[in-house]
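Let me begin by presenting the structure, written as structure tokens, before commenting on it.
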Amino acid sequence: MNEAGQAHDLAQHLPKIWIGYLLCVATFIDEAIVVSNHPEIVSGQLFIPPLHLFLLAFISGVYWLVCIHKLHVVLSLVPGWRHPISPARAVWFHFIPVYNLYWLYKWPRECANFVNWRMQGDVLQPRNAGIFVLGSYVLSVLLGSLILVFFSLSFVTTWIRRALTMPVRFPPPDGDSGVPTP
């Protein structure tokens with residue numbers, strides 16, 4: 001199989017973000033049910049959330065990390081690309097206090113660098129990709145839902161899928177670039 005075919009097949013193995021959306025919606029619905037059944041939460045009294053609510057939120061967070069790992073596995077297998085971030089490092093650096101905020105900016109930048117390399121142009125600004133993921137994480141923490149981080153991951157994954165599935169134009173073997181010479 002040629003390199004373009006391999007890259008196209010890799011696009012099929014990118015993470016399924018819809019599962020993360022589904023988990024976040026289920027968590028939100030469960031939160032609404034818990035709040036409606038326990039009005040003391042609104043008044044600010046101490047309340048220990050039920051196990052099912054905790055588990056849904058925990059599973060959402062774990063799935064986020066699974067998606068990050070899977071994304072970096074795919075990028076590490078692209079022919080001709082040497083991805084600077086190992087899948088394990090991509091996940092574990094999320095657990096380092098304070099540095100994890102920089103990491104949420106750093107790994108999307110590397111993904112954008114891949115997209116630009118693969119698409120042979122500046123189609124995705126690395127800085128903007130990093131700011132988008134970091135900003136969505138900060139807002140998710142403030143709002144108490146991971147749905148925004150899955151939205152930003154969906155953005156990054158969509159660009160990677162485009163880059164993997166677009167036909168790569170290689171110059172002809174005889175050196176002719178197709179541009180007429182005067």
Side-chain angles (χ1 to χ4, degrees), residues 7 9-38 41 46-78 81-115 124 126 128-165:
D9 287 343
L10 285 173
Q12 305 303 315
H13 296 287
L14 287 168
K16 309 294 185 247
I17 309 300
W18 66 267
I19 296 171
Y21 286 131
L22 190 65
L23 286 167
C24 290
V25 168
T27 303
F28 177 75
I29 291 169
D30 196 25
E31 285 174 350
I33 292 169
V34 168
V35 168
S36 69
N37 290 338
H38 300 280
I41 296 173
L46 181 61
F47 179 78
I48 298 172
L51 182 60
H52 55 87
L53 180 58
F54 172 77
L55 286 176
L56 267 174
F58 179 75
I59 291 169
S60 298
V62 169
Y63 190 70
W64 157 258
L65 296 173
V66 167
C67 289
I68 299 299
H69 184 271
K70 196 167 191 175
L71 179 74
H72 289 278
V73 165
V74 167
L75 289 176
S76 70
L77 295 174
V78 173
W81 171 254
R82 186 170 173 341
H83 192 53
I85 301 171
S86 73
R89 188 172 136 204
V91 171
W92 286 113
F93 279 16
H94 282 86
F95 294 102
I96 301 171
V98 182
Y99 184 78
N100 64 347
L101 295 175
Y102 170 71
W103 190 245
L104 286 162
Y105 174 76
K106 173 72 172 147
W107 70 256
R109 287 178 54 97
E110 294 302 333
C111 293
N113 287 334
F114 164 76
V115 169
L124 180 59
N128 294 346
I131 289 171
F132 186 53
V133 173
L134 174 61
S136 68
Y137 175 80
V138 170
L139 286 173
S140 288
V141 169
L142 295 174
L143 297 174
S145 173
L146 289 177
I147 200 155
L148 291 177
V149 294
F150 281 107
F151 180 70
S152 66
L153 184 62
S154 177
F155 170 78
V156 172
T157 303
T158 299
W159 273 104
I160 291 171
R161 182 172 283 110
R162 283 181 194 164
L164 288 171
T165 56

d(Leu71 CG, Thr157 OG1) to nearest 0.5 Å is 5.0 Å
Interatomic distance, Leu148 atom CG to Ser136 atom OG [nearest 0.5 angstrom] = 6.5 Å
Kindly give the heavy-atom pair with the smallest separation between Leu65 and Val91, and that separation in Å.
-> O-CG2, 3.5 Å
How long is the span from the CG atom in Leu153 to the CD1 atom in Ile160, to the nearest 0.5 Å?
-> 8.5 Å
Separation between CD1 of Ile131 and OH of Tyr105, rounded to the nearest 0.5 Å = 5.0 Å
Sorted by chain and number, sequence neighbours left out, side-chain contact (heavy atoms from CB on, under 4.5 Å) with Pro50 holds for Val34, Phe47, His52, Leu53
Considering all heavy atoms, the nearest Pro84-Glu110 contact = CG-OE1, 3.3 Å
Can you give each donor-acceptor pair under 3.5 Å made by side-chain atoms of residues 16-29, sequence neighbours left out, with the distance rounded to 0.1 Å?
unit_1	atom_1	unit_2	atom_2	d
Lys16	NZ	Gln12	O	3.2
Thr27	OG1	Leu23	O	2.8

d(Arg109 CZ, Asn128 CG) to nearest 0.5 Å is 9.5 Å
Here the gap from Ile96 atom CD1 to Leu101 atom CG, rounded to the nearest 0.5 Å, amounts to 11.5 Å
So, for Arg161 and Pro15, which heavy atoms are closest and what is the spacing to 0.1 Å?
-> NH2-O, 4.5 Å
Taking every heavy atom of Ser152 against every heavy atom of Phe132, the minimum-distance pair comes out as CA-CE2, 3.5 Å
